[in-house]
Amino acid sequence: MDKKERSILPPKGVDGRYRDIMILHIQGLVMVLILLIALWGSFSILGRSIIALFLSSVSGSVNPEDISSTLELAGMGDFAFVGGLFKFLSGTLGVLSYIVTFGALAASIILIYKMKKRIADIVDDKCPYENPIRVKKAKFVWLGFLLGAYGGHLFALGKRKGWIYLIMGILGIEFFPLFIYTSGISFADAFMACFIEKDDDGYIEMEDYPYWI
């Protein structure tokens, strides 16, 4: 593994395609974080909806006086007060969930647009590739989106780094930042490959980016 492959970021002063790819990777990491936030908000909304349906279905068979007596015995005070506090907190959480979910979705749309512009700069760059590599477009794109967190797209390139991504992706089940990293980088690479024209044999030529971000 050479010095470039051990580096995290391109050296200071690097411009052009390498710098654009680095920015695209950072945007990919941010995109994964935003999508995870949107996913959390969606699950929160779904969970509250299920709980509300359950409570609505059992409300007719529950005696409020029995609940009040149980809460008093447990030292939780008046049933009306506790119920009101629960409704307030539940409503606040519901509003927050909707704000977070729709805010994250809006942010993801904006970021996708910015990533598309960055990719256009990379594809339209007329400078020759420093480390060109050819790969089947369909294989690279599908593996990048579906199994990129585990190095699928890197295996398509025949890169040993694919094994590192595979280990990081598995460890990411317990240490989530690793999974976020591999997912974000692979999403950016696969998304970029979507806009590179393939030849008659279905291959695309792209930069074999040697850095980690």
Side-chain angles (χ1 to χ4, degrees), residues 1-12 14 16-44 100-101 104-105 107-116 118-119 121-123 129-196 203-213:
M1 187 177 289
D2 59 23
K3 184 176 180 181
K4 280 187 177 182
E5 290 183 280
R6 289 195 300 268
S7 301
I8 295 177
L9 298 172
K12 289 184 178 180
V14 170
R17 189 180 289 112
Y18 273 0
R19 179 177 177 274
D20 286 332
I21 294 176
M22 179 192 70
I23 295 174
L24 181 67
H25 283 171
I26 294 173
Q27 290 174 329
L29 293 173
V30 175
M31 172 62 72
V32 170
L33 287 173
I34 291 175
L35 292 177
L36 287 173
I37 292 172
L39 186 63
W40 170 85
S42 300
F43 278 131
S44 177
V100 169
T101 301
L105 291 176
S108 66
I109 293 172
I110 295 172
L111 188 54
I112 282 288
Y113 173 75
K114 289 183 175 294
M115 292 178 72
K116 176 63 177 65
R118 184 64 57 181
I119 291 170
D121 293 337
I122 296 171
V123 173
Y129 291 112
E130 294 189 31
N131 297 293
I133 191 168
R134 292 179 78 244
V135 64
K136 279 280 189 179
K137 179 174 182 176
K139 179 193 293 186
F140 185 85
V141 169
W142 283 109
L143 288 175
F145 281 133
L146 299 179
L147 295 174
Y150 302 99
H153 64 307
L154 295 175
F155 285 114
L157 296 176
K159 301 279 290 181
R160 287 180 296 175
K161 190 187 289 187
W163 292 103
I164 300 176
Y165 267 54
L166 177 60
I167 295 172
M168 292 173 66
I170 295 173
L171 293 177
I173 298 174
E174 293 293 333
F175 187 61
F176 211 58
L178 292 178
F179 185 81
I180 292 175
Y181 169 80
T182 56
S183 298
I185 300 298
S186 61
F187 175 84
D189 287 339
F191 190 47
M192 175 175 61
C194 291
F195 299 95
I196 301 177
Y203 282 85
I204 58 173
E205 186 175 68
M206 56 193 307
E207 188 75 68
D208 186 10
Y209 187 74
Y211 306 102
W212 284 93
I213 297 179

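Rounded to the nearest 0.5 angstrom, R118 CZ and L24 CG are separated by 8.0 Å. Note: I133 CD1 to Y203 OH = 11.5 Å, rounded to the nearest 0.5 Å.
The two residues A193 and I204 make their nearest non-hydrogen contact at CB-CD1, 3.8 Å. The two residues I213 and M22 make their nearest non-hydrogen contact at O-CG, 3.6 Å. When all heavy atoms of I119 and M192 are compared, the pair lying nearest together is CD1-CA, 3.5 Å.
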Would you please test F195 and K116 for side chain to side chain contact (heavy atoms under 4.5 Å, CB included) and show each step? CA-CA 9 Å; F195 299 95; K116 176 63 177 65; 3.1 Å; yes

Between D208 and K159, does a salt bridge (Lys or Arg N to Asp or Glu O under 4.0 Å) hold up when you go through it step by step? CA-CA 10 Å; D208 186 10; K159 301 279 290 181; 3.3 Å; yes

Which is it for Y150 and Y165 under the ring pair (Phe, Tyr, Trp, His ring centres under 6.0 Å) test, yes or no, and what are the steps along the way? CA-CA 5 Å; Y150 302 99; Y165 267 54; over 10 Å; no

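When side chains are defined from C-beta on, I196 does not count as touching K137, because their heavy atoms never get closer than 4.5 Å. Between F140 and L157, some side-chain heavy-atom pair lies under the 4.5 Å cut-off. Residues F155 and L143 have side chains not in contact (no heavy-atom distance under 4.5 Å, counting atoms from C-beta outward). At least one side-chain heavy atom of E207 sits under 4.5 Å from a side-chain heavy atom of Y18. Looking only at side-chain heavy atoms (C-beta outward), M31 and S108 come within less than 4.5 Å of each other.
No option in L39, L111, I112, L105 other than L111 meets the side-chain contact (heavy atoms from CB on, under 4.5 Å) test with I34.
The backbone N or O of A156 sits nowhere less than 3.5 Å from a side-chain atom of K139 that would complete a donor-acceptor pair.
A salt bridge does not link E205 to R134: none of the charged nitrogens lies less than 4.0 Å from a carboxylate oxygen.
Counted within 6.0 Å of CH2 on W163, heavy atoms from surrounding residues, nucleotides or ligands total 12 or fewer; the atom is thus considered open.
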Give the table of side-chain donor-acceptor pairs shorter than 3.5 Å for residues 177-191, with sequence neighbours excluded, one pair per line with atom names and distance.
| residue | atom | partner | partner atom | Å |
| --- | --- | --- | --- | --- |
| Y181 | OH | W212 | O | 2.2 |
| T182 | OG1 | A149 | O | 3.0 |
| T182 | OG1 | L178 | O | 3.3 |
| T182 | OG1 | F179 | O | 3.2 |
| S183 | OG | F179 | O | 2.8 |
| S186 | OG | T182 | O | 2.8 |
| S186 | OG | S183 | O | 3.0 |
| D189 | OD1 | H25 | NE2 | 2.7 |

